[in-house]
Structure formats: C-alpha cells, structure tokens
Amino acid sequence: MTRLRGIAIGLVVPIVFFSIWWVLSERSTSPYFPPLRRTLTAFVDIWFFARFFTDLLPSVGHFLSGLTLGLAAGVVVGTLMGLFPRFNRDVAPMTEFVRAIPTAALVPLGLILFGTGFVMETFLISLAVFFPILVSTTAGVRGVDPVYLEVARSYGLSFSDRLWRVIIPAAAPQILAGCRVAIAFGLAATVIANMVASGSGLGFFIVDAQTSFRLPDMWAGLIMIGLLGYLANTAFVVVEHRLLGWHRGWRGATRAASAA
Amino acid sequence: MGADVPVHGSAQVAQKPLPSGVAPRSKAGLTWWQRVGEPALVVLCVIGAWELLTRTGVLPAKDLPPATVIGAAFIGDIQQSRVWEALGATLTSWAVGLAGSILVGIPAGLLLGSSQLAYRLFQPSLEFVRTIPSIAALPLLILLLGTRGYQLAAAMTFLGAVWPIMIQTMYGVRDVDPTTMDAGRAYGLGPFQLFIRIVLPSAFPYIATGLRLGAVVGLLLSVAASLIAGGTGIGFLIVNASFSGVPELVYARIVLTGIVGLGVTLTLVAIESRLLFWHASRRRTVT
C-alpha cells in the first residue's frame, strides 16, 4: 500500500512535466521544439516500424555484447587483482592510466584498429564497461572479511570452493554496484560509437536526423535512448534483487532506503 | 587526527577499535621495491614488448606504431601551441560547465534532501534522468548553440555533471544521523546553525563523491563534444590526426588526454581526502 503510494507520488512529476511539454509545444512554431504530438507520432513510426531492425536492434545488440565481454573481463581481472596484491600493484599503474582516458577519445583508436562496425563498437563498449567493474571487483574481493576466509580454510575448503562459495558471493554486492555504473558508461559508449563511426544505430540516427533537420525524428531518438537507459537500469535492479536477496547487508540497506 | 578536530557524532566512529583480525592495510609493510620499483619495471617491460612486437612486424606497425615513434610524436606535438590551445578550450569549457552544475546541483540537492515531500516527488524522476546518457542531447545542443565556441562543450559538461552532484547531495542530506540532529537541537542550535554545523558537514562526503563523479563524466562529455561536433577542443585534434592518417599522432594525443584525465582524477581525490580527513571513517567510495 505504502509502496503503491510511493509510486503514485513519484509519477506526479513526470506526468506534470509531459503535460506541460505537450501544452507548451502544441503551438510551437520553433523548428527545434516540435509539438510533442508530432514527436510521439514519429516515435511510433520510427521505432515500431521503419528503424527497428536497422538502428534499434543493432545498437541494443552491440551494447549487450560489449556489456557481456567487459563484464566478464572485468570480473576475472578484478578478482585476480583483488586476490593477489602483488599483481594488483604491478598492473595498477596501467589500468589507472587507461581508465583515466575519456571513452570518446578512444573512438579514433578503435577506428584505426578495427575499422567501423560491430567489432569496433563492441571493443569500445566493453572497454567502457571494463573499468568500473574492474575497480569494484578488486575492491570487493580485497574487502572480503578475513574471518570468512579463515573459517573456510579451517574447514578445509579447496581454493576453487573458497573462490566460488566465499569470495565471489561476499564481493557480489560491490561487483553489482560497479555494474550499475558500467551500464550507464556502456550505454553512453554505444551512443558515442554510433555518432562518430557508423552508418546505423541510435546515435547515428539522432545525428543524422539533426543534420537533415528532421527534428521530430531527432526528439523521438532522444526519447528512445532515454527509454533504453531506463529499461537497462530496471533490468539491472531486477537481476540485482534476485542475486542479492540472500545478502544481509544488502537487504538491510534496501530496507533502510525504502523506509526512509 | 589532531586534538583540535571538532568532535562530531560521526567522528566517534573513528575511535572505535577495529575488530581483531581486520588489520588496516597500511603501506608500511611494503618496501620501496614492492611499491614503486616492480610496478615501474612491469610498465617498462610492457612498453619494451610493444616496441619489439611492432618493430619485428608481429603487430602491424601501420596501425600500431612502435612506442618510440609514438613517444617522438608526443614530444613533437606538445611543443606546438595548437595542442595546448585545444586542451585549454576543452578544460575551460569543462570548468565553466562544472561550475554551473555545482551552482545548480548543490542547492537543488540540498533542497530536495531537506524536504520529505520534494524528495518523494522528485527522487524517482531523478533516478530516471540519471540513467539517460547525456551524450544523446548533443545533436539538440548543436542546433541550439552551434559548434564553434566553448558553449557546446560547457553545456555538455553541465548536463553530465549536474545529476550526480544533485543526487549525491540529496542523499547526503537525507543520511544525516537523526541522533546528531537531536543532540544539536538539545544544545539549542537554530535551524541555520543545525544546517551549517551538522547537515553540511555530514553531507559533505556525499557531495564530494558527487563532485568527483560529475567532474569525470563532465570531462568525458567535454571531450566527446569536440570529438563529434568538431570545434576547438582536444577531441577534434584526435579526430583530425586520424583523418590525416597519422596514427602515431592519434596515440600521442590520446595519451595526452589520458594524462589530463588522470591529473583531474588525482587532484580531486587529493582535495577530497584533504577536506575529509576527519570524516574518512564514514566515507563511502562510489566509483
């Protein structure tokens, strides 16, 4: 009941916002701010029909493959860096440096190495995803309560059992916190890669709509990107909930957050 | 921790002894070789391997210039004023946009965090807005601001940085310990005093984290703006080198951008830890 009320209150601002947008833009003659009605018509035409396979699907596909790759690499390397302090110290200067390079600056590098297309975009997205995961996994694995490790050792657990049953689960909340950041970075990288270096995809679509002055289309693209970001985040919250439902600290934290 | 440090409710946490077995990881146990020598050697080995593999043709030298060639391009490049002007343009836009997002984000966050109603109304929408990649607004801003001046990159920086700053500030205000507030009231502090002495200091770690996140995202967007839209920034110079078919210059300028990015991050972390030394025990690091 209180949850429903919370959702209802949360919906007030978006509803008011879109109503005002609708009313103010209805008679808009500015080409930059077309009526919301026209934008929404364009939205349906574009994303449900014309551009679904040519622009929406490739972008989502690249995003998901880059996300998977960057996630896997980040968790593996991050676990190694967390487990072996010496390895951590030796590679940290390099990872810290590459991490500091803004993703956008790496687009020309991707172009030189892979040309345009799927491989280049996946490379760029996975790189953007890799570093937040790497950092949070390293921190998570290093921060595992030593008492857990002692107990696991005294029970004679093998290394792989300790890794899979103690270390990874204990680090999971941190790894997932990194995932949240990674999803945002990955989505931004998808759009940037599309904008600079491709003939299709969402980012390309909005730039193309802008340069050819199809402004309702550009707005429709903007709304689609926003919607994708929201969907990705919602999917993430669902997964996080399933994976971390058992975790006491996490449960307490979310309960405190929802009660507040 | 000095004796003159004001004791806040939270500062007490620092005095609490750590549970046995949780020895703080100090740098003290490491020798100079472990801390600096070996990592430096590893970096040198990687660079050496790069040089060797590209010189012998195992890696295609056309796309992957040898490290020494990149180094030479880097040194040649930084002697020209062009690259400094571009860096200056990117950083100026970044600083202007960041200043704007601080001026808007912190007051808005304080307001949203202080009022229960405002929080309930706006928090879900803010969480939604933060998931939208700001870069998507670039085409619209190109139309509104053009691509020539500093404005585009500054507006992009603002758009990227204002959300983390606002949201972190909001959560920081909400996380103020109610017991501390009660204690403050019991000591007869007025609303203004409560705000200055309790709310702001305890929200500060959150605000600092928001600033750091905002600054990094803002730099990314400032670079992205000039990379995609052209204009005066460093992003444009990287693309330019790429179009002129000089890969070593692309690498050199990416390295330069990385150095700037690293400098920004390190500076912010240093400021943060200097300002928050008294708060370190409660600091939450969000990466």
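Letters A, B, ... are given to chains in the order of the sequence lines, protein chains preceding strands, and every chain is numbered from 1.
Under the salt bridge (charged side-chain N to carboxylate O under 4.0 Å, His left out) criterion, B:Glu51 pairs with B:Arg55, not counting sequence neighbours. Remark: A:Ile183 pairs with A:Phe63, A:Leu67, A:Ala232, A:Phe236 by the side chain to side chain contact (heavy atoms under 4.5 Å, CB included) rule, at least two apart or across chains. For B:Asp77, the side chain to side chain donor-acceptor pair (under 3.5 Å) partners two or more places apart in sequence, or in a different chain, are B:Arg253.
Contact of A:Pro14 with chain B is made through backbone and side chain together, with heavy-atom distances under 4.5 Å. Neither the backbone nor the side chain of B:Leu256 comes within less than 4.5 Å of any heavy atom of chain A. In this structure, chain A has no heavy atom under 4.5 Å from any part of B:Val129. For chain B, no part of A:Ala184 is nearby; none of its heavy atoms comes within less than 4.5 Å. Both the backbone and the side chain of B:Leu140 come within contact range of chain A, with heavy atoms under 4.5 Å apart. In this structure, the portions of B:Leu143 lying under 4.5 Å from any heavy atom of chain A include both its backbone and its side chain. Within the 4.5 angstrom heavy-atom criterion, only side-chain atoms of A:Leu215, from C-beta onward, approach chain B. Heavy atoms of B:Gln123 lying under 4.5 Å from chain A are absent altogether.
Most heavy-atom pairs under 4.5 Å with chain A: of the set B:Leu138, B:Ile132, B:Val255, B:Ile135, this distinction falls to B:Ile135. The candidate from A:Asp90, A:Ile101, A:Val13 with the greatest count of non-hydrogen atom pairs under 4.5 Å with chain B is A:Asp90. Among A:Val91, A:Leu228, A:Ile225, the residue making the largest number of heavy-atom pairs under 4.5 Å with chain B is A:Ile225. Counting heavy-atom pairs closer than 4.5 Å to chain A, the top residue among B:Ala224, B:Pro124, B:Ala136 is B:Ala136. Comparing B:Gly261, B:Ala225, B:Ala137 by how many heavy-atom pairs each has under 4.5 Å with chain A, the most go to B:Gly261.
Checked by atom type and distance alone, the side chain of B:Ser222 pairs as donor or acceptor with a backbone atom of B:Thr90 at under 3.5 Å. A donor-acceptor pair is defined here as one N or O able to donate and one able to accept, closer than 3.5 Å; such a pair exists between the side chain of B:Ser226 and the backbone of B:Gly235. Listed for the B:Trp50 side chain is a donor-acceptor partner under 3.5 Å among the backbone atoms of B:Pro65. Proximity of a side-chain donor or acceptor of B:Trp94 to a complementary backbone N or O of B:Ala215 within less than 3.5 Å is detected. Side chain of A:Thr103 to main chain of A:Ala189: no donor-acceptor pair is present (N/O by atom type, distance under 3.5 Å, no hydrogens or angles).
Residues B:Leu126 and B:Leu112 are in side-chain contact: their nearest non-hydrogen atoms beyond the backbone lie under 4.5 Å apart. Here the side chains of B:Val83 and B:Ile234 are in contact, with some heavy-atom distance below 4.5 Å.
Residue A:Trp219 qualifies as enclosed at atom CH2: its count of foreign heavy atoms under 6.0 Å is above 12.
Residues of residues 240-247 of chain B lying under 4.5 angstrom from chain A, judged on non-hydrogen atoms, are B:Ser242, B:Pro247 by number.
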Practice item. Evaluate side chain to side chain donor-acceptor pair (under 3.5 Å) for A:Arg142 paired with A:Gln174, printing each intermediate quantity in order. Key: CA-CA 11 Å; A:Arg142 281 181 76 166; A:Gln174 288 243 43; over 6 Å; no
